[in-house]
Trainee: 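First, the structure itself, so that you have it in front of you.
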2 protein chains.
Amino acid sequence: MPQGRPMRADARRNYERLLTVAAEAFAEHGENASLDDIAKRAGVGAGTLYRHFPTRQDLLEAAYVDRMQAMADRAGEFAARLPPGEALTEWLHEVCVGTIQVRGMKALLGSAVSDGGSAADTVCGTRLKDAARRLVEAAQRDGSLRPDIEPIEVLRLAHGVASASELAGGRGHEIRRYLTLLTEGLRPAAGA
Amino acid sequence: MPQGRPMRADARRNYERLLTVAAEAFAEHGENASLDDIAKRAGVGAGTLYRHFPTRQDLLEAAYVDRMQAMADRAGEFAARLPPGEALTEWLHEVCVGTIQVRGMKALLGSAVSDGGSAADTVCGTRLKDAARRLVEAAQRDGSLRPDIEPIEVLRLAHGVASASELAGGRGHEIRRYLTLLTEGLRPAAGA
DNA sequence: ACCTGAACACCGTTCAAGT
DNA sequence: ACCTGAACACCGTTCAAGT
């Protein structure tokens, strides 16, 4: 996106208004927020929205790429000040919380880690998986995480924890509780 | 539904064709299958569909109530021939598999165990939770399940496992794998 | 009592016409 | 090069008219 000629001033303005409005709309109404409504609220024609973002997924990703990046960055912070096992757990907790609070983010996480997912190798997905890989590998070297699990699986399971927590009401209490169950299951076998 | 006057012959026929077609459509296209399409394929006007099933949720539940009941019944079979811990695990496995294979069932399970869920106290939901309660309590008495967990939570977590497995491709292999992680987390604490 | 299907509102998507 | 908004197709929902 930063590549290529700079946008014309009006195009750039529309592009950014669309992103702002879309982030609000997806946060409020979830991933199926009305595109027509987003265009209207941004004060542009529907065609303009489609010119910038050919698919809903494109818009969803562009609207949250910064927040996703911020999530990925948090991994480094945890790694710097916590033992590997705890760093992974705390980071996953943030992923779950963020994913539940900002309605649209869960869809984005889902498509980033989904098997045939369209967002599998986008900026969002790649950064998130890189972050997960570092925490996972450190925890495995440390012996606090079972060795037979892959980074992407940890993210899929976090998505599952978020789903279960949502069903329970999505309060912080349940997220922590269900995540703890997961991390206990992720421990290496007792006799290893 | 079985209460009240018997339906007129044409009404009864339409009702049943709608259920058959709806079960197919939800299985194929998921919970958001087109209602208009369902009415057309059943050979009835849209108004007839709404007369019998005022909301999408009503139709979804009616279409799968038998299958849900069958799932609940399986709990008794497992309880009869397996130790409590295994009976619970194997039943949850069937719930996950069924929930993934029949696309609309996952939505139904979700609303049955969701906090403010519309289907929280419907036939489907109640039977499923009763079945879960028996297996959970037996496993807790047996010492193979941590005592601080409730039946509905087990179902929510199964929904989460199904979500994670779907992201991984939904093949039997992943379901079993993720469910195993969950059950290890559900074990009582080592020093208890 | 029940059914039909037209009618309305809404949304996604495309595209000809504008600047 | 980019934008607009009308146009089309589709879907959910209601309701007047039919039997």
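Reminder, nothing fancy here: chain letters follow the sequence lines and each chain counts from 1. If you're wondering where the values come from, they're calculated on a predicted model, not measured in any experiment.
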Trainee: Think A/Arg74 forms a cation-pi with A/Phe78, using NZ or CZ under 6.0 Å from the six-ring centre and within 45 degrees of its axis?
Mentor: yes
Trainee: Expressed as a whole number of angstroms, how long is the span from A/Asn32:CG to C/dG12:P?
Mentor: 9 Å
Trainee: Rounded to the nearest Å, what distance is computed from the CZ atom of residue A/Arg12 to the C1' atom of nucleotide D/dC3?
Mentor: 17 Å
Trainee: Is there a donor-acceptor contact under 3.5 Å from the side chain of B/Asp58 to the main chain of B/Thr55?
Mentor: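 Indeed, once roles are kept as given, a pair shorter than 3.5 Å links the two residues.
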Trainee: Looking at C/dC2, I'd like to know if its phosphate oxygens (OP1 or OP2) sit under 4.0 Å from a side-chain N or O belonging to B/Asn14.
Mentor: no
Trainee: Assign each of B/Ala46 and A/Asp36 to its nearest nucleotide of DNA chain C by heavy atoms, then name whichever residue's nucleotide is nearer the 5' end.
Mentor: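 Its nearest nucleotide being more 5', the pick is B/Ala46.
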Trainee: Applying a 3.5 Å limit to both distances, which nucleotide forms a Watson-Crick or G-U wobble pair with D/dG18?
Mentor: C/dC2
Trainee: Looking at B/Tyr15, does the NZ or CZ of B/Arg13 lie under 6.0 angstrom from its six-membered ring centre and within 45 degrees of the ring axis?
Mentor: no
Trainee: Between D/dC2, C/dT4, D/dG12, which nucleotide has the shortest distance from any of its atoms to the side chain of A/Ala11?
Mentor: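 Nearest to the side chain of A/Ala11 among the choices is D/dC2.
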Trainee: Rounded off to whole Å, could you give me the CZ-to-P distance for the B/Arg13 and C/dC2 pair?
Mentor: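 One finds 13 Å between P of C/dC2 and CZ of B/Arg13, rounded.
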Trainee: Is any side-chain nitrogen or oxygen of B/His52 closer than 4.0 Å to OP1 or OP2 of C/dC3?
Mentor: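 For C/dC3, OP1/OP2 do have a side-chain N/O of B/His52 under 4.0 Å.
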Trainee: Determine which nucleotide pairs with D/dA7, using a 3.5 Å limit on both distances of a Watson-Crick or G-U wobble pair.
Mentor: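 Its partner is C/dT13.
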Trainee: Without decimals, in angstroms, what is the distance between B/Gln57 CD and D/dT13 C1'?
Mentor: 18 Å
Trainee: C/dT13 C1' sits how many Å from A/Leu59 CG, rounded?
Mentor: 15 Å
Trainee: Looking just at side-chain N and O atoms, do B/Asp36 and B/Ser34 make a donor-acceptor pair shorter than 3.5 Å?
Mentor: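 Result is no, nothing qualifies.
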Trainee: Please state how far atom CZ in A/Arg56 lies from atom P in C/dC11, giving the value in whole angstrom units.
Mentor: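 Answer to the nearest Å: 11 Å.
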Trainee: Take the protein atom CG of B/Leu18 and the nucleotide atom P of C/dC2, then report the distance between them rounded to whole Å.
Mentor: 14 Å
Trainee: State, to 0.1 Å, how close A/Ile100 and A/Ser165 come at their nearest heavy-atom pair, and which atoms those are.
Mentor: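 So the minimum-distance heavy-atom pair works out to CD1-CB, 3.8 Å.
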Trainee: Between P on D/dA1 and CZ on A/Arg51, what's the gap in Å once rounded to a whole number?
Mentor: 9 Å
Trainee: With respect to the phosphate group of C/dC10, does any side-chain polar atom (N or O) of A/Ser34 fall under 4.0 Å of OP1 or OP2?
Mentor: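 False: A/Ser34 side-chain N/O out of range (4.0 Å or more) of C/dC10 OP1/OP2.
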Trainee: Below 4.0 angstrom from OP1 or OP2 of D/dC2, is there any side-chain N or O of A/Thr48?
Mentor: no
